[in-house]
Amino acid sequence: ASPSMSSTPPSDEEPQSPNRKTSQSKARGNPDRPSPQRVLMLVILYATCSSTLSITNKWAILALPFPGVVTACQFIATAGFVFILGKFKILDVEPP
């Protein structure tokens, strides 16, 4: 038998593949999968935000008949909100 050309010494432990489940993760459930309660909460929150934004947009268009201005205000507010959350490290924001 010829000597191995590998620079790392052989290990007694079996290498773990990323798809292999460990007994610890089986005991706690899949940590990457949100609980049904969290999914339900997020769906309700999304539906609430979406319907509120729709009603607010209708009111804004009635008061200010310039859709471009309404859209620009929403974009500026969103950009500012994301910027502030990024500065406080609450949200991961990619650099420009």
Side-chain angles (χ1 to χ4, degrees):
S2 64
S4 174
M5 298 300 287
S6 174
S7 62
T8 58
S11 173
D12 291 346
E13 295 179 8
E14 184 179 322
Q16 291 208 357
S17 70
N19 296 329
R20 185 174 178 184
K21 302 280 186 205
T22 63
S23 61
Q24 186 177 18
S25 67
K26 284 181 185 176
R28 291 183 296 180
N30 187 349
D32 296 331
R33 187 174 190 165
S35 70
Q37 294 85 4
R38 181 165 174 84
V39 171
L40 180 63
M41 181 197 65
L42 291 173
V43 167
I44 291 170
L45 182 62
Y46 176 81
T48 302
C49 288
S50 179
S51 62
T52 304
L53 184 60
S54 178
I55 292 168
T56 304
N57 280 340
K58 288 179 185 182
W59 286 344
I61 293 298
L62 289 174
L64 182 68
F66 302 107
V69 173
V70 174
T71 302
C73 289
Q74 289 176 348
F75 178 77
I76 291 168
T78 302
F81 189 67
V82 169
F83 178 78
I84 290 169
L85 291 179
K87 285 295 180 189
F88 285 106
K89 306 285 187 211
I90 297 171
L91 185 68
D92 290 330
V93 180
E94 293 183 15

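Just so you know, these numbers use all the heavy atoms, side chains as well, and skip hydrogens, waters and symmetry mates.
Taken to the nearest 0.5 Å, the CD1 atom of Ile61 stands 11.5 Å off from the OG1 atom of Thr56. From Lys87, atom NZ reaches atom CD1 of Ile84 across 11.0 Å, with rounding to the nearest 0.5 Å. For the atom pair CG (Asn57) and CG (Leu62), the distance works out to 11.0 Å, reported to the nearest 0.5 Å.
With hydrogens and angles disregarded, no donor-acceptor distance shorter than 3.5 Å links the side chain of Ser54 to the backbone of Ser50.
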Step-by-step side-chain contact (heavy atoms from CB on, under 4.5 Å) determination, Val82 to Leu91: CA-CA 7 Å; Val82 169; Leu91 185 68; 4.0 Å; yes
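Residues Tyr46 and Leu42 are not in side-chain contact: their nearest non-hydrogen atoms beyond the backbone lie 4.5 Å or more apart. Contact of the Pro36 side chain with the Leu40 side chain is not registered, since no non-hydrogen atoms from C-beta on lie closer than 4.5 Å.
The minimum heavy-atom distance between Val93 and Gly86, with the atom names listed, is CG2-CA, 3.7 Å. Listed here is the closest heavy atom pair of Pro65 and Ala63: CD-O, 3.9 Å.
Connection of Phe88 to Phe81 is established within a shared hydrophobic cluster, with ILVMFWY side chains joined at heavy-atom distances below 4.5 Å, either directly or through further cluster members. Neither Val39 nor Leu45 shares a network with the other; the hydrophobic side chains, linked directly or stepwise wherever heavy atoms of I, L, V, M, F, W or Y lie under 4.5 Å apart, form separate groups for each.
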